[in-house]
Amino acid sequence: MARYLQPGTKAPAFSLPVTPDQKLALSELAGRRVILTFYPADWSPVCGDQLALYNQILPEFRRRGAELLGISVDGAWCHQEFAKARNLHFPILADFHPKGAVATAYGCYMEDVGEAARALFLIDEQGMIVWSYQSPLAVNPGADGILDALDKMPAVESLDVDAKSARKRA
Amino acid sequence: MSTLRVPVNAHDHISGGRNAIVTLVEYGDYQCPHCAAAQPNVRRVQAQFGERLALVYRHFPLTEIHPYALVAAETAEFAGENGVFWEMHEAIFRNQRMLSPTTLFALASTFGLSQLDLRDAINRGRYRSKINDDFMGGIRSGVNGTPTFFINGERYNGAYLAPELITAINAAMNAPAHQT
């Protein structure tokens, strides 16, 4: 397996089904911070806990200006039922066809088992990876790493001020 | 390695010796089946170490999947205010299969607590900030699900069965001066 993409790398573009009849492209989130959480499979116990945890603290991510996207190789119909059962309030994308293509682009596809590894990427407003982490498969990585990485980024409020002053200068 | 970012403090529920050698911090959710399954194991661990162990319980309610986890935590806090936190803690886990607001209010009565006062405290959100502080402290410490244990401030990644917990706690006791 290729090493997962490291900070300083441009986040590979993608467009994946987010429901059976809708797609979501990373480019649609340009200008916002994005947390990508790759996971092996819907319904497996560890993933469920990990996503349930992120689901619970979505307000903390959003308060830091970040959108959360889940990605696995499961199909959109499977995702739909899984999201409903777990009451998920963030999109989960189907890296289903061609299978694992996006996971492969991020260097976290496990060819031998045909699933994405448990990898996390934090992407900044310019589409650059600023933090990434891959945890052992059986280990739920928690959210402390993501929050620590978000806290190291400039505060969202000051970004707003910068944006305003940039507009004034323009 | 994940470590406890919020040291044990005066707001914590602590069971066991003031001069304990080992502190076991549990982050739990009253509606989580694994936490209920862990509870008899935690009691065995407490019995094994007696006053040498201090047990601390902090709330980590995953309310999106456990709709009664928060009201259960609030009920436990209310019981705590009235001096029966650990009794309520145990009772909630024992009755987890029938967990509901009705069950929680009935438990309050069982301990001689006022149902009206409990309702009032819940409606006013008296314990919300404490429970949220517990939760966020857990998140920042690397709690990744429930139950999650910390032994002398280090996250314990093993199973929650008593023999394994006891082995890990023994190791912490024998470790060179390592106090939190």
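Quick note on labels: first sequence line is chain A, next is B, and so on, each numbered from 1. Fair warning: this is a prediction, and the values are worked out from it, not measured in the lab. Note that these values count all heavy atoms, side chains included, but never hydrogens, waters or copies made by symmetry.
Inspection of the B/Gln115 and B/Ser109 side chains reveals an N or O donor paired with an N or O acceptor under 3.5 Å. For the residue pair B/Tyr57 and B/His89, no side-chain donor N or O sits within less than 3.5 Å of a side-chain acceptor on the partner.
Interface residue A/Leu147: backbone and side-chain heavy atoms are both found under 4.5 Å from chain B.
Residues A/Phe38 and A/Tyr109 place their aromatic rings such that the two centres sit no closer than 6.0 Å. Annotation: B/Tyr156 is not in aromatic contact with B/Phe150 [ring centroid separation under 6.0 Å not met].
Counting heavy-atom pairs under 4.5 Å between each of A/Ile57, A/Asp148, A/Asn55 and chain B puts A/Asp148 at the top. The candidate with the highest count of non-hydrogen atom pairs below 4.5 Å against chain A, out of B/Val143, B/Thr63, B/Thr146, B/Thr148, is B/Thr63.
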